[in-house]
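Take a look at the structure set out below.
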Amino acid sequence: MIAVSEILEKQVLSRQDIIRLLSITDKGDQELLIKKAYSIKESTIGRKVYLRGLIEFSNYCRKDCYYCGIRSGNNKVTRYSLSDEEILRVVELAQKKQLTGIVLQSGELNSEDFIKRITALITKIKSATDPEFRITLSLGEQSLETYQRWFNAGAQRYLLRIETSSEELYRKIHPDNELHSFNVRLRCLEYIQKAGYMAGTGVMIGLPFQTIENLADDLLFIKERDFDMVGMGPYLEHADTPLYNHKDLLMPVTERFNLSIRMIAVLRIMMPDINIASTTALQSIVPSGREAGLKAGANVVMPNLTPLKYRRSYLLYDNKPCIDKEADDCLECLERRIKMIGEEIAYNDYGDSIHFINRILIK
Ligand code: 5AD
Ligand code: FES
């Protein structure tokens with residue numbers, strides 16, 4: 001078998017190489033992989049971490065994904081939606097804390113009312129912030145026209161995870177109907193790129209039925225489709241979801257954690273100039289999980305700024321961290337943690353994906 005150190009010398013990783021790196025079991029080999037990924041991150045981006053304030057502004061959702069705690073079929077969830085005023089207060093806090101952008105996330109809705117509301121909200125946020133303030137949307141599948149409308153209103157970035165690039169696996173983790181179509185998902189990702197956004201995607205790691213080959217193909221998918229940003233994290237079960245029935249198939253959480261860290265590291269090696277988020281799901285397995293993600297090549301963290309009273313209603317999975325914390329506490333805690341690993345928060349830096357900037361320049 002080819003040595004990990006030898007693979008890490010290569011300029012381009014083959015599918016076989018990726019599979020080999022994701023399958024590492026030796027601690028020393030994992031260390032080598034992480035070191036290599038971090039050195040690439042350090043030389044392309046620096047010892048910097050970009051922060052985006054996350055606002056989970058509503059948990060109403062028309063979808064029924066088998067893994068997600070806020071799926072429409074879960075009637076144990078108290079549904080909520082923040083008012084524009086509440087959202088604007090969070091935006092104000094983000095600016096006071098020198099954050100250069102926010103992420104608006106919610107369950108998926110696509111009514112005309114919702115589309116109009118978001119358009120108006122983007123306009124309001126734009127007029128309450130400096131012109132460069134970045135708005136990232138994470139609002140699911142929409143029509144090209146809607147993506148375009150929100151882009152024209154002033155949103156610059158969009159996140160839509162493919163969840164898995166295997167159509168077969170996609171079908172296993174979603175209901176079999178038009179609302180949950182793999183091809184629509186793919187098309188939406190194309191629309192997002194076409195509309196001009198800095199485009200982000202990602203996958204869940206350690207899903208039931210998922211193989212290492214699936215994950216290698218996920219990384220190749222992300223590279224082939226030229227995404228600018230990626231957020232990936234371990235799959236974590238939620239007791240009130242259908243996928244919970246398959247929890248016996250899951251690998252132990254620590255393995256899911258380590259595999260997620262290797263996914264981040266391999267992706268950084270494959271795509272040196274993109275933005276990679278170190279996700280909250282990592283933090284739910286290990287309290288210092290996000291720091292571990294940063295040490296493996298991630299460069300973005302999204303502190304949760306959702307007002308405390310709503311946090312318990314946005315549980316995508318069990319054991320979500322920080323559900324009893326106000327935004328201020330999370331920010332302070334994060335600052336401390338980032339300093340501890342010798343990295344620095346890039347305040348007042350928009351932290352656009354270098355990959356995106358290069359892509360635009362080439363066009
Ligand atoms: N475990 C991990 N991640 C999840 N997400 C949703 N449910 C879960 C879960 N049970 C992720 C999905 C989605 C993002 C907002 O949260 O990848 O795109
Ligand atoms: Fe919430 Fe540390 S990030 S308390």
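Order of listing sets the numbers, starting from 1, for every ligand and every atom in it.
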**Item:** Those residues that, when tested against R149, pass salt bridge (Lys or Arg N to Asp or Glu O under 4.0 Å) (two or more places apart)
**Value:**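 Counting only residues at least two positions away or on another chain, R149 forms a salt bridge (Lys or Arg N to Asp or Glu O under 4.0 Å) with E112.
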**Asked** Is the closest side-chain donor-acceptor distance between N304 and T306 under 3.5 Å?
**Response**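 Yes, T306 and N304 have a side-chain donor paired with an acceptor closer than 3.5 Å.
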**Message:** Classify the ring geometry of Y158 against W150: parallel below 30°, tilted from 30° to 60°, perpendicular beyond 60°.
**Reply:**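 Plane angle under 30°, so parallel.
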**Request:** Write out all pairs satisfying salt bridge (charged side-chain N to carboxylate O under 4.0 Å, His left out) with one or both partners inside residues 4-17, taking only residues at least two apart or from two chains.
**Result:**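 Output for this query lists K10-D17, R15-D217.
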**Asked** Are R337 and E335 ion-paired here, with the side-chain N under 4.0 Å from a carboxylate O?
**Response** no
Show me a pair-per-line table, with atom names and distances to 0.1 Å, of protein N or O atoms that are under 3.5 Å from an N or O of ligand 1.
from	atom 1	to	atom 2	distance (Å)
ligand 1	1 (N)	L236	N	3.0
ligand 1	1 (N)	L236	O	3.3
ligand 1	10 (N)	Y67	O	3.0
ligand 1	10 (N)	L236	O	2.7
ligand 1	10 (N)	L316	O	3.4
ligand 1	17 (O)	R161	NH1	2.8
ligand 1	17 (O)	E163	OE1	2.5
ligand 1	17 (O)	E163	OE2	3.4
ligand 1	18 (O)	E163	OE2	2.6

**Item:** Residue pairs, two or more places apart or on separate chains, that pass ring pair (Phe, Tyr, Trp, His ring centres under 6.0 Å) and touch residues 282-313
**Value:** Y80-Y310
